[in-house]
Amino acid sequence: MVRDLPAPVGAGVYNIYTGTRSDEGATIPTAAQLGLEPPRFCAECGRRMVVQVRPDGWWAKCSRHGLVDSSELEARR
């Protein structure tokens with residue numbers, strides 16, 4: 001059973017790489033398309049997240065919507 005993604009990186013109103021509203025048609029940076037860039041903005045509220053990049057992945061924390069870790073997302077595949 002596939003669960004929904006956490007709010008900070010799930011389908012939301014804001015682009016997780018640029019922070020702009022999704023309906024504005026912002027382009028996704030090339031590094032993000034290749035999976036080399038962690039999300040920088042919360043999809044739910046558009047706030048800038050605290051991001052830590054590790055050798056084995058990353059984690060990102062929204063002050064309103066919590067923490068998401070890339071290792072959790074890998075386990076969902």
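The analysis underlying the following values was restricted to heavy atoms, covering all of them including side chains, and did not include hydrogens, waters or symmetry mates. Starting from 1, each residue takes its place in the sequence as its number.
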Asker: Taking the side chain from Glu44 and the backbone from His65, do they hold a donor-acceptor pair closer than 3.5 Å?
Answerer: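 Side chain of Glu44 to backbone of His65, a donor-acceptor pair under 3.5 Å: no, none is there.
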Asker: Measuring from Phe41:CZ to Thr18:OG1, what's the distance to the nearest 0.5 Å?
Answerer: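 Result: 7.0 Å between the selected atoms.
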Asker: Got a second to check how far Cys62's SG is from Arg64's CZ, nearest 0.5 Å?
Answerer: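 Going from the SG atom of Cys62 to the CZ atom of Arg64 covers 7.5 Å.
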Asker: Using every non-hydrogen atom in the two residues, find where Tyr14 and Gly19 come nearest and quote the distance to one decimal.
Answerer: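 Closest heavy-atom pair between Tyr14 and Gly19: CD2-O, 3.5 Å.
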Asker: Indicate the atoms forming the closest heavy-atom contact of Pro29 with Tyr17, along with that distance.
Answerer: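 In terms of heavy atoms, the two residues are closest at CD-CB, 3.9 Å.
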Asker: Does a side-chain heavy-atom distance below 4.5 Å link Ile16 with Cys42?
Answerer: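 Side-chain contact under 4.5 Å: no.
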Asker: Provide the closest heavy-atom pair for Val13 versus Arg21 in the form atom of the first, atom of the second, distance.
Answerer: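 Heavy atoms only, the tightest pair is CG1-NH1, 3.2 Å.
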Asker: For Glu37, give me all partners under salt bridge (charged side-chain N to carboxylate O under 4.0 Å, His left out), at least two apart in sequence or on another chain.
Answerer: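 Glu37 satisfies salt bridge (charged side-chain N to carboxylate O under 4.0 Å, His left out) with Arg40 once adjacent residues are dropped.
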Asker: Enumerate, atom names and distances included, each donor-acceptor pair closer than 3.5 Å involving a side-chain atom of residues 54-61, sequence neighbours excluded.
Answerer:
from	atom 1	to	atom 2	distance (Å)
Arg54	NE	Asp56	OD1	2.9
Arg54	NH1	Asp69	OD2	3.1
Arg54	NH2	Asp69	OD1	3.2

Asker: Applying salt bridge (Lys or Arg N to Asp or Glu O under 4.0 Å), which residue pairs with at least one partner in residues 8-19 are found, sequence neighbours left out?
Answerer: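 Qualifying pairs: none.
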Asker: What pair of heavy atoms forms the shortest contact from Val9 to Pro39, and how long is it?
Answerer: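 In this case the closest contact between Val9 and Pro39 is CG1-CG, 3.5 Å.
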